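Just below is one structure, and these are the notes that go with it.
Basis for what follows: all heavy atoms, side chains included, without hydrogens, waters or symmetry-related copies. Fair warning: this is a prediction, and the values are worked out from it, not measured in the lab.
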Amino acid sequence: MDDAAPQKPDPDDIDVTPITPTARVQSPTHGGRAKCLQRLVRLDLPVPRTVALSFRTVHRIAAGRLPDIDALLAEFNPGALLCVRPSSEDPDWGGPGAVLNVGMNAAVLERLSAQIGVDAAHRLYLRFVQGYAIHVARLDPDVFEEIDAETPVTGLRTALAAYEEEAEEPFPDSPAVQLAAVLRSMARAWEGTSARLLRQGKGAPADAGLGLVVQEMALGLGPGECGSGVLQLVNPQTGLPQITGRYLSQSQGRDALRQGAGSLYLERDPRGPSLEELAPAAFAELLRHADLMRRRLRAEMQIEFTIENGRLHILDGIVVPMTSRAAVRTAVRLAEDGIITREEAILRVEPRALSELLHRQVAPDARRDTIGRGVAASPGAATGRIVFTAADAQALAARDEPCILVRRETSPEDVRGMHAAVAVLTEKGGMTSHAAVIGRGLGLPCVVGAGRMRFHPRRRMLVSEDGRTFQEGDAITVDGTSGTVLAGAPPMVEAMLDDSFRTLMSWADAARDIDIRANADTPADAQTARNFDAGGIGLCRTEHMFFEPGRLTVMREMIFAETAADRRAALEQLLPMQRDDFVQLFRIMTGLPVCIRLFDPPLHEFLPTDRAGLRDLAEALSLPVSDVTRRVENMGEYNPMLGMRGVRLGVTVPEIYDMQARAIFEATLEASRDGAPVVPEVMIPLVSTPREVEIVKTRIDAVAAAVRVEHGRDFTYRLGVMVETPRACLLADRIAQHAHFLSFGTNDLTQMTYGLSRDDAGRFMSDYVSQHVFDEDPFHVLDTEGVGALLKIGLARGREGRPGITASICGEHGGNPESIAFCRAAGFDYVSCSPFRVPVARLAAAQLAIRHRTEHA
Ligand code: PEP
Ligand code: MG
């Protein structure tokens, strides 16, 4: 091809298509509004004549190349007024505001004055001049907004004079000049940087296109019944059927929705006059059209309409913007009415939106006084008084006063305080830090890593990002859904699990092909998991059971024991407590698998760190504080997450695992007594070599044999290995030979693959994500390239070592829809996530299976 040859204009570049039933109009080329209008035209609804301009055409207009404007005008009745509206591919991405009454000039004014009255005609003209001056000529809005529309004749004169003065040229009279300027300004507005950033924030791709629709106006002003309004058949808050919207005589566009406009109700209403009473025939016709649109467009639609001298026109239809709760109910109702299939209903609900239903939220329209931002670690919102210690949280809870536990970071010692608080805020930490994991487990709103606020726990003070000081006792709100901290107590909307939610979830379960279990540590968690229909417990972090009141001290005695015998004595006290926990878990989860992980964290995490805690411990152990302090210091590690934890404790301090295995097996026998036999799953954490598994397995088998003999009863159990070190992935074939199942711990695996501390990453994660070093926080969304490669290796080698071995993911990623997609495609048997994320995971898994089936049909 000769590069130097002059480029011929490509006729496809300019695409100005009248919307007819057969025109080639598509959402990806002309935008959602244009496509929807074509559907309305196909339904034979009274839509005024409309022409669609494609994305490419609008892009060309922005670059200065206009379509043939005279030809465009020739599509409409001579002298007609026009309106221009944006048509982006997804209506949520927005676009420039509509411009009404294009084509107005002295000649049209004269004709319309005779037709609809002098005042009405002047009002249309005035509105056009105002809109054009502000949005097209970009003149000072104050000058034009102040002009009084109540006296339109003088108002118009003032507006035209002001235009001439500000723009230094007369207001354009030619409809072609007006239309060209409107198209150009809307096209350019879309390509501006701020508009682009705004829509990218809503998920639009950087090169998202804008189409425009030019429509002949049905005048809402004039003699007879004239006006405009908006109608929908559903309440956008609740999703319940209800005719909502307003109508305003002698108005245009969305005027009827303006507060204080004196608009009418649509349906007969005790609160005031209605369109049904004013224009019963038009109202009845409108309802017929609305019902047809619902059935044929297969969605709850919001309809913009105009009545012109008693005649109804349908100008536009968009899918009703609604709350998550309403979206669930609407999807289910549409399926129950036979309008969409159950599978379509499942696909219509955004999985993440479900978590809005499961927790209280800040009301969407509430005024938000944001004082800090961090990682949105556990969804939901709660308001309470600031406290800086777990003990204070418990004290306030005892007085029934809601409180927010504010800590630099949390440790096992804070768990009781977390139970007592209504929300948690920490300075440090990321998605898998202690506060985040416990918060999600408890369903407690939690923001972590809010490092731009200043935390002064000793001075009992918190300083907001903008420098405001909040003292202990001041009320703040933690919004764990958005990762923000707000001053005061904004209005909230309650969590709501209604029948539609349950119906949708049952349809989702029928559609999905990967199991979902819950990470549940306590009977309360297990009950939540059961309520959310988890397929079992995929990870019970047993150490969390030791944070219960009354157990921590015994735990500390065990840690401080000098000899194996002393240790065993302390463990004997813990044994019945653990056994009771497991009996409860087995009973709550009757008929479902329960996977119990043996003790994992470094022991010294259980030791006190502050002076008061050290003194209490010294008292409990009858030791001098100095001894206790020295011992605690000696146990410290430089890199505790890579130190004495997990299976390393199992090898070096085996009495702990012995006690836990015994508790599990005795509980198995106990729970099997009154029901079907329980088959517990026992899992070993932090393995990096097959030998570790061999050693621990030998001891657990010995404990099982002893319990069988002592009780004279048999049982079976399944032994599993947590694959959460890179080495375990690489050696998974040999490890699998000793195991019934492999559960991949993607939290630790992410930490070790990146060499990135899960407890400290929150400090710089937002910088890393905003500078695109990472696409996402890898503790939040699975890194499919790096960590994912290790998972695939681990899975393939594991299945080589033991064909058919059960494999799962139990890191936090199990609740993240993108990560579930990876796990499903890679061939894992199930994912396990915090109980409150189970519904999200069930829905996401169902959507993946449905899409997969559709693509491979
Ligand atoms: C993991 O590491 O992914 C895991 C599930 O265990 P924990 O978060 O308790 O370390
Ligand atoms: Mg782990």
Side-chain angles (χ1 to χ4, degrees), residues 515 517-521 523 526 535-543 545 571 574-600 646-647 649-651 654-687 690 692-723 735-743 745 798 801-802 804-808 810 829-830 832:
D515 276 342
R517 292 199 197 176
N519 295 351
D521 308 332
I537 293 180
L539 171 65
C540 168
R541 293 172 164 108
T542 45
E543 58 273 13
M545 295 170 159
L571 285 166
L574 289 171
L575 172 72
M577 303 177 190
Q578 280 257 279
R579 189 175 51 219
D580 286 353
D581 294 332
F582 297 141
V583 170
Q584 284 189 62
L585 286 191
F586 293 145
R587 289 208 169 121
I588 293 168
M589 302 306 291
T590 303
L592 297 173
V594 175
C595 176
I596 297 166
R597 179 181 73 185
L598 299 173
F599 194 87
D600 182 42
V647 70
L649 285 168
V651 171
E655 299 85 1
I656 301 175
Y657 281 10
D658 287 353
M659 179 280 284
Q660 290 197 298
R662 176 171 281 277
I664 294 169
F665 298 143
E666 290 183 355
T668 298
L669 290 176
E670 174 74 28
S672 303
R673 205 186 289 281
D674 36 48
V678 172
V679 179
E681 298 180 348
V682 181
M683 186 155 75
I684 312 172
L686 213 76
V687 165
E692 288 165 329
V693 185
E694 264 175 18
I695 293 174
V696 173
K697 182 174 184 306
T698 306
R699 285 193 78 113
I700 296 178
D701 281 343
V703 174
V707 173
R708 283 188 192 107
V709 171
E710 285 161 28
H711 291 259
R713 287 170 58 204
D714 200 9
F715 61 88
T716 49
Y717 80 99
R718 285 159 50 82
L719 185 82
V721 171
M722 273 195 86
V723 180
I735 288 173
Q737 285 163 17
H738 305 286
H740 292 103
F741 63 94
L742 300 178
S743 190
R802 186 183 272 237
I805 192 167
T806 306
S808 60
C810 64
D829 297 291
Y830 68 86
S832 190

Which value, rounded to the nearest 0.5 Å, describes the distance between [X] atom [atom1] and [Y] atom [atom2]?
| X | Y | atom1 | atom2 | answer |
| --- | --- | --- | --- | --- |
| M659 | R579 | CE | CZ | 11.0 Å |
| L669 | H711 | CG | NE2 | 6.0 Å |
| D521 | M545 | CG | CE | 7.0 Å |
| I664 | L598 | CD1 | CG | 5.5 Å |

What pair of heavy atoms forms the shortest contact from [X] to [Y], and how long is it?
| X | Y | result |
| --- | --- | --- |
| L585 | C540 | CD1-SG, 3.8 Å |
| V687 | I735 | CG1-CD1, 3.9 Å |
| Y657 | P685 | OH-CD, 3.4 Å |
| R517 | C595 | NH1-CB, 4.0 Å |
| F715 | V707 | CE2-CG1, 4.1 Å |
| A739 | L742 | CB-CD2, 4.4 Å |

For a side chain to side chain contact (heavy atoms under 4.5 Å, CB included) check, start with the C-alpha distance between S743 and R597, then their side-chain angles and the critical distance, and finish with the verdict. CA-CA 10 Å; S743 190; R597 179 181 73 185; over 6 Å; no
Listed partners of N519 passing side-chain contact (heavy atoms from CB on, under 4.5 Å), at least two apart: L539, R541, C810, E812, S832
Any donor-acceptor N/O pair, [X] side chain to [Y] backbone, under 3.5 Å:
| X | Y | result |
| --- | --- | --- |
| D829 | A807 | yes |
| E655 | L571 | no |
| R662 | L575 | no |

Give the C-alpha distance, both sets of side-chain angles, the deciding distance and a yes or no for side chain to side chain contact (heavy atoms under 4.5 Å, CB included) between Q660 and I596. CA-CA 9 Å; Q660 290 197 298; I596 297 166; over 6 Å; no
Answer whether the closest heavy-atom distance between the side chains of [X] and [Y] falls below 4.5 Å.
| X | Y | answer |
| --- | --- | --- |
| F586 | P680 | yes |
| E681 | H740 | no |
| R718 | T806 | yes |
| F582 | T542 | yes |
| D581 | Q578 | yes |

Report the C-alpha distance between V678 and S672 in whole Å, list the side-chain angles of each, state the deciding distance to 0.1 Å, and finish with yes or no for side chain to side chain contact (heavy atoms under 4.5 Å, CB included). CA-CA 6 Å; V678 172; S672 303; 3.7 Å; yes
Please report, to 0.1 Å, the donor-acceptor pairs under 3.5 Å made by any side chain of residues 696-706, with sequence neighbours excluded.
unit_1: K697; atom_1: NZ; unit_2: D701; atom_2: OD2; d: 3.0
unit_1: T698; atom_1: OG1; unit_2: E694; atom_2: O; d: 2.7
unit_1: R699; atom_1: NE; unit_2: D658; atom_2: OD1; d: 3.1
unit_1: R699; atom_1: NE; unit_2: D658; atom_2: OD2; d: 3.3
unit_1: R699; atom_1: NH2; unit_2: D658; atom_2: OD2; d: 2.5
unit_1: D701; atom_1: OD1; unit_2: Y717; atom_2: OH; d: 2.6

Please name all residues satisfying salt bridge (Lys or Arg N to Asp or Glu O under 4.0 Å) with R587, sequence neighbours left out, ordered by chain then number. E670, D674
Between L719 and I684, does a side chain to side chain contact (heavy atoms under 4.5 Å, CB included) hold up when you go through it step by step? CA-CA 8 Å; L719 185 82; I684 312 172; 4.2 Å; yes
